[in-house]
Amino acid sequence: MEEIELRAYWAIIRKRWVLVITIPLIAALVSALVSIYLLKPQYEADTTLLVNQQNQANQNAALDYQGIIASQALVNTYSDIIRSQTVERTVIQQLHLPYSVKELDSMIKVTAPNQSQVITLSVTAPSQPLAVRIANTLARVFQVKAQDWMTIKNVQIIDPAVVTPDAKPVKPNKKLNVAVAFILGLMVSVGLAFLLEYLDYRIRTEEEVQQYLGLPVLGTVMEYNGD
């Protein structure tokens with residue numbers, strides 16, 4: 001029974017093979033054109049920060065376990081402060097950016113691994129030099145704000161963002177976009193093929209007469225061309 005059903009499904013797909021192939025190809029082509037000509041390339045720059053609970057007077061002392069735990073707890077707090085409106089508004093003012101606070105916030109990603117004192121700031125922008133400027137300015141502004149608000153100097157910039165000549169855009173991912181569009185187009189085309197078959201009530205073959213009407217076929221009329 002399952003083999004018969006699979007054969008029936010395959011027969012439907014083969015019957016409408018033009019539709020099943022055309023839609024995915026068109027979807028992939030449209031996705032490629034949109035990714036190449038409409039979507040603007042986006043570049044990423046990263047800055048790494050270190051959160052150290054020791055104050056400036058004791059920064060040369062050996063870190064104890066409680067100090068490390070306190071620093072790890074501050075990482076989560078600082079991750080939220082970095083994307084605060086106050087910090088982002090200051091960055092916009094210093095760099096004279098043509099973005100709102102909400103737009104700048106959507107360009108920033110803060111990563112803080114568990115059990116770590118390191119915070120990574122990632123900024124995505126239309127050009128890599130702009131992403132580097134925003135990332136480094138954001139780190140410096142946050143460093144100053146953290147010192148003012150927490151009354152201790154416990155944030156250090158480990159790796160500032162730098163401009164690389166051979167930088168490649170991180171968005172859009174053309175190959176991924178084309179692959180996803182092709183798969184979605186294939187799903188739509190197969191579903192549409194089955195839908196059209198479901199809505200087609202015409203009986204065309206002897207097998208369909210026996211299957212749907214339960215009647216024996218006594219004879220057939222062949223198409224005759226007088227020429």
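Atoms considered below: every heavy atom in the structure, side chains included; atoms not considered: hydrogens, waters and symmetry mates.
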Is there side-chain contact between [X] and [Y], with heavy atoms separated by less than 4.5 Å?
{"X": "N136", "Y": "I157", "answer": "no"}
{"X": "P126", "Y": "Q42", "answer": "yes"}
{"X": "K109", "Y": "T124", "answer": "no"}
{"X": "L49", "Y": "V51", "answer": "no"}

Hey, does the side chain of [X] reach the backbone of [Y] with a donor-acceptor pair shorter than 3.5 angstrom?
{"X": "S106", "Y": "E103", "answer": "yes"}
{"X": "S31", "Y": "N177", "answer": "yes"}
{"X": "S35", "Y": "A32", "answer": "no"}
{"X": "Q117", "Y": "L50", "answer": "no"}
{"X": "Q85", "Y": "V101", "answer": "no"}
{"X": "T90", "Y": "T86", "answer": "yes"}
{"X": "R83", "Y": "D105", "answer": "yes"}

Of the non-hydrogen atoms in A135 and A45, which two are nearest, and what is the gap between them? CB-O, 4.2 Å
Specify the closest pair of heavy atoms between M107 and A125, including all atoms of both residues, with the distance to one decimal. CE-CB, 3.9 Å
